[in-house]
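Structure first, commentary second.
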Amino acid sequence: MVTSSEHNNERFRRKLDHLRLYREGWGAQSNAFDEVYLVHQALPEFDLKDVDLSVRWLGKTLAAPFIINAMTGGTPASLEINRILARAAARTGVAMAVGSQHIALEAPKCRETFSIVRRENPGGVILANVSAAASLDEAFRAVEMIDADGLQLHLNVVQELLMPEGDRDFSHYRQRIREVASGLSVPVIVKEVGNGLSREAAVALYGCGVRRLDIGGGGGTNFAAIESRRAGRDKSLYSCWGLPTAISLIEVATSGLPLEITATGGIESPLEAAKALALGASLVGVAGYFLKVCLEEGEEGLVAEIERWKEDLRNFCLMCGARNIQELKDGPVIVTGRAREWLEARGIDPAPLARR
Ligand SMILES: Cc1cc2nc3c(=O)[nH]c(=O)nc-3n(C[C@H](O)[C@H](O)[C@H](O)COP(=O)(O)O)c2cc1C
C-alpha cells in the first residue's frame with residue numbers, strides 16, 4: 001500500500017520534473033491562432049493614451065486582462081518562483097494562480113511555498129488551485145491557505161492516464177465539481193491544462209453550476225509529452241491530442257451559454273492575446289512562457305515583459321479601432337484554414353465573428 005508520505009514524495013518529484021521539463025513537446029501542436037486574423041483599421045479616432053486595458057475581475061480591478069497561470073508550489077525552488085511571480089503580478093496589476101495545492105493540504109510544512117504569494121501581493125487577484133476531484137473541504141482549505149479570490153479546479157485526464165500513479169476513475173468528478181461550485185463562497189473556475197475544453201465539456205460544466213472556465217487548449221505546455229518523457233515512453237502518441245486553444249475558445253465562446261472565459265494554452269505573444277480577447281475571452285492566461293522569462297530574467301525581466309505585453313496590446317486595440325477590451329471583443333475576427341474547417345465540421349459557423 002502506498003502511504004501518504006510516499007504519495008507526497010512522488011508529488012514532490014513530479015513537481016520538480018514539471019519545472020525541469022515544462023517546455024518538452026512545446027510546438028508539437030499549433031494553438032491555431034495563426035489561422036485567426038484581426039481587422040486593421042487605418043483611421044482610429046482616438047488617442048493611444050485613452051485606450052483602457054483595465055478589466056474588473058472577481059470584484060477587483062486588473063490593469064490588463066492577463067493572468068500568470070497556475071504552475072508551482074510545494075518545493076523549495078517553487079517558493080522563490082512563486083515569490084517572483086507574485087511580486088511581478090503585484091507590480092504589473094495582473095492576476096495570478098498558484099500551482100496545485102494538494103501537496104500542502106497533506107504536508108502543512110509546504111504551505112509557505114503557496115502563502116508567500118498572498119504575502120507578496122496582499123491586494124491582488126490570486127487564485128487557489130486543486131484537482132477537480134477535490135472535496136469541498138479540500139477546496140475550502142486551499143482557498144483559506146492563500147486567502148484566494150477564486151478557486152481553479154483543474155481537469156487533467158490525459159496527464160492522469162499517462163502517470164503510472166494517476167487516476168483511472170473519473171466517475172465522481174462531476175459530482176465533486178457540483179459540490180464545490182455550490183458550496184464555496186468564492187467563484188470557481190474549471191480549467192483544462194493543455195488539451196482544451198470542447199463545447200460538450202462546457203455544457204456539462206455549466207450543468208454542474210460552473211460559470212467560469214479556463215479552456216486550457218493545446219499548442220503550449222504539453223503534459224502528455226512531459227509525462228511520456230518522465231515514463232520513458234514515445235512522446236509523440238498523445239502530444240497532438242486535444243483541441244487547439246483558438247478552436248476550443250471558439251467552441252465555448254459561441255455556445256450561447258453565459259460563461260466567462262479565460263483563454264490559456266501556448267499564448268506567447270500579445271498579438272495572440274489580442275486575438276483571444278477578440279474571440280471572446282475575458283482574460284488571457286500565460287504559464288510556460290512567463291515561467292521561462294521568470295527563470296531566465298528574474299523579477300525585473302518578467303515585469304518588463306508584462307509591461308511590454310500591455311504596451312503592445314494597447315497598440316493592437318488602437319489598430320482595431322477599440323478603445324477598451326469590450327470594444328476589442330465586439331470587433332470582427334476572421335477564422336481561416338483548418339480552424340475554420342474544424343468549426344464547420346462541428347456545425348459552428350465562424351462567419352458571424354467576421355461580420356461584427
Ligand atoms: C511547470 C508547470 C506546472 C503546472 N502546474 C499546474 C498545476 O499545478 N495546476 C494547474 O491547474 N495547471 C498547471 N499547469 C498548467 C498551466 O496552468 C496551463 O494551463 C498550461 O501550462 C497551458 O498554458 P501554457 O501553454 O501557457 O503553459 C502547469 C504548467 C507548467 C508549465
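Ligands are counted one by one from 1 in listed order, and the atoms in each one are counted from 1 as well. Scope of the values below: all heavy atoms of this structure, side chains included, with no hydrogens, waters or symmetry mates.
- The contact set between ligand 1 and G288, taken as ligand atoms under 4.0 Å from a residue heavy atom, comprises 24 (P), 26 (O), 27 (O).
- The backbone and the side chain of T221 each have at least one atom closer than 4.0 Å to an atom of ligand 1 (non-hydrogen atoms only).
- Close approach of ligand 1 to G99 is summarised as follows: ligand atoms under 4.0 Å from at least one heavy atom of the residue are 8 (O).
- Not a single heavy atom of Q152 lies less than 4.0 angstrom from ligand 1.
- Here N129 has side-chain heavy atoms under 4.0 Å from ligand 1, and that is the only part of it that gets that close.
- Here D50 does not pair with R323 in a salt bridge; the nearest charged N to carboxylate O distance is not below 4.0 Å.
- With salt bridges taken as basic N to acidic carboxylate O contacts below 4.0 Å, one links R230 and E227.
- Within 6.0 Å of the CZ atom in R356, the count of heavy atoms belonging to other residues, nucleotides or ligands exceeds 12.
- Ion pair R20/D17 flagged as a salt bridge, since at least one NZ, NE, NH1 or NH2 atom sits closer than 4.0 Å to an Asp/Glu carboxylate oxygen.
- Salt-bridge formation is detected for the pair R346/E200: a Lys NZ or Arg NE/NH1/NH2 atom is positioned less than 4.0 Å from an Asp or Glu carboxylate oxygen.
- Residue contact check for ligand 1: G266 places a non-hydrogen atom closer than 4.0 Å to it.
- With ligand atoms numbered from 1 in the order given, ligand 1 contributes 25 (O) to contacts under 4.0 Å with heavy atoms of G220.
- Contact annotation: for F223 versus ligand 1, heavy atoms closer than 4.0 Å belong to the side chain alone.
- Only the side chain of K191 comes within 4.0 Å of ligand 1, counting heavy atoms alone; its backbone N, CA, C and O stay farther away.
- Note on E341 versus R338: no salt bridge recorded, every NZ/NE/NH1/NH2 to OD/OE distance being 4.0 Å or above.
- Contact check on E297 versus K292 returns no salt bridge, with no Lys/Arg side-chain nitrogen under 4.0 Å from an Asp/Glu carboxylate oxygen.
- Proximity to S100 (heavy-atom distance under 4.0 Å) selects the following atoms of ligand 1: 7 (C), 8 (O), 9 (N).
- Using a 4.0 angstrom heavy-atom cutoff, T264 counts as in contact with ligand 1.
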